[in-house]
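A short worksheet on the structure shown next.
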Amino acid sequence: MAAIEERGNQMAVEVRGAYRSYGSLSVLKGLNMDVPNGCIYGLLGASGCGKTTLLKCIIGRLQLSEGSVIVLGQAPGARGHSIPGKDVGYMPQDLALFGDFTMLETMYYFGTLFGMSPKKVRERGKFLLELLELPSVTKTIKKLSGGQQRRVSFAVAMLQEPPLLILDEPTVGVDPLLRAKIWEHLLELVQRTRTTIIITTHYIEEARQAHVVGLMRNGLLLAQSPPDDLIKTHGMTTLEEVFLSLCREQETQERPPSQLSIQHSFTALNGGDEDLNEETPLLKSKRNNKASWTSNAKKMLKSMCECDPINPSTILPRPRSIAALCWKNFTRIYRNPGLLIFQFLLPAFQIVLFCLAIGGNFSGVSVAIMNSDRGINYSEATGMGEYIFDKCTPFENMDNFGSLFVSKLDDKSLDFTYYDSMTDAVDAVKKGKAWMAIVIPENFTQDMVERLGSIILQDNIPDDIINGSTIEIYEDVTDLQMTYTLQNKTTAASELFLEAFINNCNISKKDISSPLQVHNPPVYGGFHLSYTDYVAPGMIVSITFGMSIGLTALSFVIERKEGLLDRTWVAGVNVTEMVIAQILTQCIILFVQSTILIILVRFAFKVYMVHLRSIFLVELLTMLQGLTGMAYGLLISSLCQQETSAMQIMAGSVYPVLLMSGIIWPLEGMPKFLRYISYALPTTYAAEAMRSIMGRGWGLADMFVWRGFTITIAWFLLFGVLATIGLRLRK
Ligand SMILES: Nc1ncnc2c1ncn2[C@@H]1O[C@H](COP(=O)(O)OP(=O)(O)OP(=O)(O)O)[C@@H](O)[C@H]1O
């Protein structure tokens, strides 16, 4: 109240020579407007004439291309000014409320942003609930009727009893009785508190209750006067007729619209209006209009040009705003089970799917076998057969090496089908019934005995013996992973086959061993590890990064599209507060997300990790990657107006990151130019660090690990700064 009195005779809103365009569409074309303090100003005009654009310029949500606006003595957004902020109550045309919140929660959210105590919010909530005939404060907004939702939006605008109320079509969808009640309240409010109200409405006759009406057409005000004055001056009986007559007049004017003069008349207010007496600021402002404008323009220029001493409270993030934003973020998640599952369980679900679907052991792989080996009867054997028999302790299938080889093949994963001829076995591969045909010749045992004996005795091995002791393999290699797996299994089977002789036949291992010696255990990792163990560390990084991008970008774009973000900015929240609140919320979400993820990976799927104590580093890196994804999501949201474009950028970013970060395939397997691009991605070094932590047991002192952390933090800061700049520009 004191602030209002201090303003005395000033106009609450003064607009001069306002131009504003959207691209090539010129919406405001040199508009002038004066809204006296403590009155209701009805802004009338056809749909699309620029009313909302004008209101957004007044509350500081849009900048004028040319001209100036002074609101409550200063340009909107000037340092230390509470517009946007607690001095303006804004009811936009869109609902701009969180559907999952109750009316009370909505009030708490905005009330906290305005610095109101919970007690005050409850009191105001109760009063507005009764005034606007709303049902229970605990009903969620999405369960209210359209009209009730509009009234909640109206209540939010009036919550903090601001000196300036901007109401964009508040009475749409409201029944005539309640509409009358709302007008009654607005008139009483102006009388009691000298609040200034700018209201747009499509019900022209409704605006007769306003103290001043502004008739707007094609980006210009055709007239602004008390309604009765206008009617009297034009000799009409209704405002609608006046409006029509002014429109026709404008159409017949030959001058360009920006040169049309505004018809100002405040005379009807002089004693004629029962709500505003002689002492109203309106009359005084009429007298002092010109002088007041000049002094205000000077003040505005001063606030723009001379830097006032910086008041830290106006530039530093305010804890109450951050708390309100965090509370809003968590309430949204908690109220929306779908979002809750999406936030906390989707990454876990993805890693479960990955561990189940990728890198597991094969089963049911069809293999065609043609084993025509006749074997050998050692009791009747002579020559080399007798020699081998004497050296060996009898073991299973020793008399049929073909069956011995098949028994050494991993029969848990392979499904054998036996064929009588080589042609049938190979045909099975040709017809796609088997991935591999194994053809064992009829003299396999006989010739193998000769071959082994010759090796032991270091004799020459004739070609026909080599041919007869060779198993032929026919493969379908259209699936690389299948080919590698089957080749590994056949190689393993042949090693096991030879091992049976080494172990049972008193043969020296060196006689038949390979010249290579692979040490077991290896330096890092283990030969038992699967593809899952290799890919899982990178997957943790990319899933967390990708999910955070999606969730942040989409929630911001949707909030903006629904007008929720707009309303929050109008409530005075700044970008820094918004970003800090997002980081804090995301940290908690990421902690839960990454804990579930790591527990599943390590304990449910037993993915390889050298030291259990490394879990702390794994969690920390996962959270940092999530924060980097969040910052990138914020950047996307600052660039996109629509969910579809945000989704396109997300899909266009997440897949290349997954494919090119060395997560699925090592960087060494990429063309050189692509490697350089890979190194520039935010997940490449992080995935490498994660593999080093989990697979090698390395810590922060190791270069691969600290480099991964440092680069992740650098990306987070870069995206964060760019997103903050982007959001500031788009705000
Ligand atoms: N963000 C935007 N980008 C491009 N054009 C826009 C944008 N917002 C509004 N416009 C266009 O500017 C013009 C004025 O729009 P505005 O919303 O200010 O009109 P209005 O008088 O409030 O209309 P209504 O009474 O139907 O709400 C319209 O032609 C509209 O299509």
Side-chain angles (χ1 to χ4, degrees), residues 359-376 384 388 395-455 461-505 507 509 511-516 518 527-531:
N361 291 326
F362 287 15
S363 65
V365 179
S366 352
V367 172
I369 293 186
M370 202 285 285
N371 182 8
S372 57
D373 185 10
R374 285 200 301 258
I376 191 170
M384 204 62 86
I388 294 286
F395 55 92
E396 204 187 349
N397 286 324
M398 188 187 154
D399 56 350
N400 189 310
F401 289 0
S403 301
L404 177 64
F405 177 78
V406 173
S407 74
K408 298 297 176 192
L409 277 166
D410 175 11
D411 58 355
K412 279 193 211 119
S413 56
L414 306 181
D415 244 356
F416 300 135
T417 310
Y418 290 90
Y419 292 88
D420 292 332
S421 73
M422 178 183 138
T423 323
D424 289 349
V426 175
D427 265 1
V429 178
K430 285 185 183 162
K431 288 177 182 158
K433 289 183 189 163
W435 286 100
M436 172 188 267
I438 297 173
V439 177
I440 304 170
E442 56 183 358
N443 281 339
F444 183 62
T445 309
Q446 189 73 50
D447 290 348
M448 197 65 194
V449 163
E450 291 292 327
R451 188 167 172 173
L452 284 170
S454 302
I455 293 172
I461 309 168
D463 283 352
D464 62 325
I465 296 293
I466 289 185
N467 291 338
S469 60
T470 300
I471 296 174
E472 290 187 314
I473 288 178
Y474 296 84
E475 281 182 276
D476 171 353
V477 294
T478 50
D479 186 319
L480 191 65
Q481 203 55 48
M482 186 65 83
T483 307
Y484 285 151
T485 306
L486 285 174
Q487 281 176 358
N488 281 343
K489 284 186 187 299
T490 44
T491 310
S494 77
E495 277 169 12
L496 289 171
F497 171 83
L498 288 175
E499 239 175 66
F501 289 94
I502 292 165
N503 295 338
N504 297 296
C505 297
I507 297 171
K509 203 172 179 179
D511 288 338
I512 49 172
S513 67
S514 143
L516 302 177
V518 179
F527 290 119
H528 62 284
L529 299 185
S530 68
Y531 186 65

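In what follows, residues are counted from 1 in the order of the sequence shown.
S363 contributes no side-chain N or O that, together with a main-chain N or O of L414, makes up a donor-acceptor pair within less than 3.5 Å. Proximity of a side-chain donor or acceptor of N397 to a complementary backbone N or O of N400 within less than 3.5 Å is not detected.
Remark: of the listed residues D476, T490, V477, T490 is the sole one forming a side chain to side chain contact (heavy atoms under 4.5 Å, CB included) with M436.
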Any chance you could lay out the side chain to side chain contact (heavy atoms under 4.5 Å, CB included) test for Q481 and F362, step after step, and finish with the verdict?
CA-CA 10 Å; Q481 203 55 48; F362 287 15; 4.2 Å; yes
One pair to check against side chain to side chain contact (heavy atoms under 4.5 Å, CB included): V406 and I440. What are the steps and the verdict?
CA-CA 10 Å; V406 173; I440 304 170; 3.8 Å; yes
If you apply the rule side chain to side chain contact (heavy atoms under 4.5 Å, CB included), what do you find for T470 with R451, and how did you get there?
CA-CA 10 Å; T470 300; R451 188 167 172 173; 3.9 Å; yes
Between T445 and D373, is a side-chain hydrogen bond (donor to acceptor under 3.5 Å, both in side chains) present by the stated rule, with each step listed?
CA-CA 7 Å; T445 309; D373 185 10; 2.4 Å; yes
Run the side-chain hydrogen bond (donor to acceptor under 3.5 Å, both in side chains) check on S366 and K433 step by step: do they pass?
CA-CA 7 Å; S366 352; K433 289 183 189 163; over 6 Å; no
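Looking at F401 and S469, their side chains never come closer than 4.5 Å, going by heavy atoms from C-beta outward. Side-chain contact check for N371 versus S403: some heavy-atom pair is nearer than 4.5 Å. Here the side chains of V367 and D415 are not in contact, with every heavy-atom distance at 4.5 Å or above. Using a 4.5 Å cut-off on side-chain heavy atoms (C-beta onward), F444 and R374 make no contact. Within the 4.5 Å cutoff, the side chain of S413 has heavy atoms near those of the K489 side chain. The side-chain heavy atoms of W435 and V429, taken from C-beta on, include no pair separated by under 4.5 Å. Contact of the T483 side chain with the E475 side chain is registered, since non-hydrogen atoms from C-beta on lie closer than 4.5 Å. No side-chain heavy atom of T485 sits less than 4.5 Å from a side-chain heavy atom of V365.
Annotation for Y531: atom OH counts as buried by contact number, over 12 foreign heavy atoms lying within 6.0 Å.
Nearest heavy-atom pair, K408 versus F497, reported as atom, atom and distance to 0.1 Å: CG-N, 4.0 Å. Minimum interatomic distance between T491 and Q487 (heavy atoms only, all atoms of both residues): OG1-O, 2.6 Å. Closest heavy-atom contact between G468 and P441: O-CG, 3.2 Å. Looking at every heavy atom in both residues, S494 comes nearest to F405 through N-CE1, 3.7 Å. For the pair S407 and L404, the tightest heavy-atom approach, listed with the atom from each and the gap, is OG-O, 2.6 Å. The nearest pair of heavy atoms linking A425 to M370 is CB-CB, 4.1 Å.
Note that CD of E450 and CG of D464 are 9.5 Å apart. Values are rounded to the nearest 0.5 Å. Note that OH of Y419 is 12.5 Å distant from CD1 of I438, once rounded to the nearest 0.5 Å. In this structure, CZ in F501 is found 5.5 Å from CG in L452, a value given to the nearest 0.5 Å. The CG atom of D447 sits 10.0 Å away from the CD1 atom of I376 when rounded to the nearest 0.5 Å. Taken to the nearest 0.5 Å, the CG atom of D424 stands 11.0 Å off from the NZ atom of K430. In this structure, the separation between CG on D427 and OG on S421 is 8.0 Å, given to the nearest 0.5 Å.
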